Amino acid sequence: MLTLAAKLTFLLRRRPGPDGEPPSNQTLSDEIRALPGHNRGGSKGQLSKLRRGDDKNPTLDTICALATVLGAPAPFLLPGWDEFDVLSVIEGNPKARDVVRHLDGLSPADLDALLKHLRERRSQLGLAPDVPATVIDAESDSGDVNRRHRRRRSMEEAAKYAADSLEGL
């Protein structure tokens with residue numbers, strides 16, 4: 001199962017900015033705050049935590065806002081919903097939802113026959129017979145692409161640094 005951070009990384013890599021990089025946390029925060037009716041969530045700090053995987057429990061408002069600005073189905077950002085392509089088709093096409101409802105109760109043999117028919121029909125239409133699922137990398141990034149990452153000092157290193165700094169005073 002993909003983490004929320006990995007899903008965000010996937011969605012953000014799909015929409016690079018003018019520099020070819022995914023949008024920064026600041027840009028994303030600005031887009032969320034510009035949504036009509038937006039009243040909470042989407043701060044730069046919160047987005048950084050979500051992208052790093054430090055915050056695994058955002059509010060529903062934040063999920064919906066992220067889905068809106070990233071052009072993704074909101075369920076994709078929920079646990080257990082890892083099929084971006086399937087959710088996009090279902091969300092964007094009422095007929096596809098109707099087809100899925102009609103699959104309920106069919107036997108595995110019936111589903112295999114239906115898949116065979118769909119592949120044949122796609123070939124007739126000049127489409128690829130198989131539609132592979134999009135592979136989503138389970139890695140995430142913090143979104144701080146241009147930020148210099150500082151190494152944290154241990155307690156001993158911090159004490160020595162402080163003492164060395166005070167010696168010159």
Side-chain angles (χ1 to χ4, degrees), residues 1-106 108 110-112 114-119 121-123 125-145:
M1 181 167 28
L2 294 170
T3 65
L4 176 59
K7 291 176 180 185
L8 288 173
T9 297
F10 165 74
L11 292 173
L12 289 162
R13 287 180 180 158
R14 291 172 50 92
R15 56 171 285 206
D19 60 355
E21 294 291 330
S24 68
N25 293 329
Q26 184 63 56
T27 301
L28 198 55
S29 178
D30 292 344
E31 290 178 22
I32 289 172
R33 291 172 190 272
L35 290 173
H38 174 75
N39 56 8
R40 57 183 283 227
S43 71
K44 181 180 163 185
Q46 179 190 29
L47 293 171
S48 183
K49 286 180 184 179
L50 289 171
R51 288 174 77 170
R52 282 193 317 261
D54 294 343
D55 181 356
K56 296 175 180 74
N57 193 20
T59 65
L60 187 56
D61 288 340
T62 300
I63 290 288
C64 291
L66 281 167
T68 299
V69 299
L70 296 174
F76 177 67
L77 296 175
L78 299 174
W81 293 89
D82 295 347
E83 291 278 350
F84 176 78
D85 300 326
V86 172
L87 290 168
S88 294
V89 169
I90 290 172
E91 182 181 72
N93 188 336
K95 293 278 187 193
R97 291 190 291 271
D98 195 31
V99 168
V100 170
R101 278 192 293 276
H102 283 83
L103 297 176
D104 189 36
L106 295 179
D110 290 334
L111 292 173
D112 287 339
L114 186 57
L115 277 171
K116 181 180 176 191
H117 176 73
L118 286 171
R119 287 184 182 110
R121 182 65 181 140
R122 287 181 60 84
S123 288
L125 294 171
L127 301 171
D130 288 313
V131 183
T134 299
V135 177
I136 300 174
D137 188 2
E139 293 289 319
S140 63
D141 68 38
S142 68
D144 299 324
V145 291

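What you see is a predicted model; the values in this text were computed from it and never measured.
- Checked by atom type and distance alone, the side chain of R15 pairs as donor or acceptor with a backbone atom of V69 at under 3.5 Å.
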Begin with the C-alpha distance, continue with both residues' side-chain angles, and end with the deciding distance and a verdict on side chain to side chain contact (heavy atoms under 4.5 Å, CB included) for D55 and L4.
CA-CA 9 Å; D55 181 356; L4 176 59; over 6 Å; no
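- For the pair D130 (side chain) and P132 (backbone), a donor-acceptor distance under 3.5 Å is absent.
- Closest heavy-atom contact between P75 and L87: C-CD1, 4.1 Å.
- Side chains of R13 and T9: no donor on one and acceptor on the other come within 3.5 Å.
- Put simply, the side chain of S29 never gets that close to the backbone of N25: no donor and acceptor are under 3.5 Å apart.
- Between D85 and V131 the shortest side-chain heavy-atom distance does not fall below 4.5 Å.
- L11 is not listed as a side-chain neighbour of L66, based on a closest heavy-atom distance of 4.5 Å or more.
- Going from atom CG of L111 over to atom NZ of K116 covers 15.0 Å, rounded to the nearest 0.5 Å.
- Of the possible polar contacts, none joining the R122 side chain to the L127 backbone as a donor-acceptor pair under 3.5 Å is found.
- Remark: the backbone N or O of A5 is not paired with any side-chain donor or acceptor of R51 at under 3.5 angstrom.
- Between R101 and D98, at least one side-chain N (NZ, or NE/NH1/NH2) sits under 4.0 Å from a carboxylate O, which counts as a salt bridge.
- Rounded to the nearest 0.5 angstrom, D30 CG and K44 NZ are separated by 9.5 Å.
- When all heavy atoms of A67 and A74 are compared, the pair lying nearest together is CB-CA, 3.6 Å.
- Here the OG atom belonging to S43 is positioned 9.5 Å from the CD atom belonging to Q26, to the nearest 0.5 angstrom.
- Contact check for T27 versus E31: side-chain heavy atoms found under the 4.5 Å cut-off.
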I would like to know whether V99 and K95 meet side chain to side chain contact (heavy atoms under 4.5 Å, CB included); could you show each step before the answer?
CA-CA 6 Å; V99 168; K95 293 278 187 193; 5.5 Å; no
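- With hydrogens and angles disregarded, a donor-acceptor distance shorter than 3.5 Å links the side chain of S88 to the backbone of F84.
- Contact check for M1 versus P79: side-chain heavy atoms found under the 4.5 Å cut-off.
- Taken to the nearest 0.5 Å, the CD1 atom of I63 stands 5.0 Å off from the CG atom of L77.
- Applying the side-chain hydrogen bond (donor to acceptor under 3.5 Å, both in side chains) rule to E91 yields no partners; only residues at least two apart in sequence or on another chain are considered.
- In plain terms, the two heavy atoms of P94 and G92 that are nearest each other are CD-O, 4.0 Å.
- Note: R52 CZ to L47 CG = 11.0 Å, rounded to the nearest 0.5 Å.
- Side-chain atoms of T62 do not come within 3.5 Å of backbone N or O of P58 as any donor-acceptor pair.
- Shown here for I90 and A96, the closest heavy-atom pair between the two residues is CA-CB, 4.4 Å.
- We find the CG-CD1 distance between L70 and I32 to be 7.5 Å, quoted to the nearest 0.5 Å.
- Using a 4.0 Å cut-off between a side-chain N of Lys or Arg and a carboxylate O of Asp or Glu, D82 and K7 qualify as a salt bridge.
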Using the side chain to side chain contact (heavy atoms under 4.5 Å, CB included) rule, take V100 and V86 through it: C-alpha gap first, then chi angles, then the decisive distance, then the call.
CA-CA 10 Å; V100 170; V86 172; over 6 Å; no
When you look at L103 and L114, which way does the side chain to side chain contact (heavy atoms under 4.5 Å, CB included) test go after all the steps?
CA-CA 9 Å; L103 297 176; L114 186 57; 3.3 Å; yes
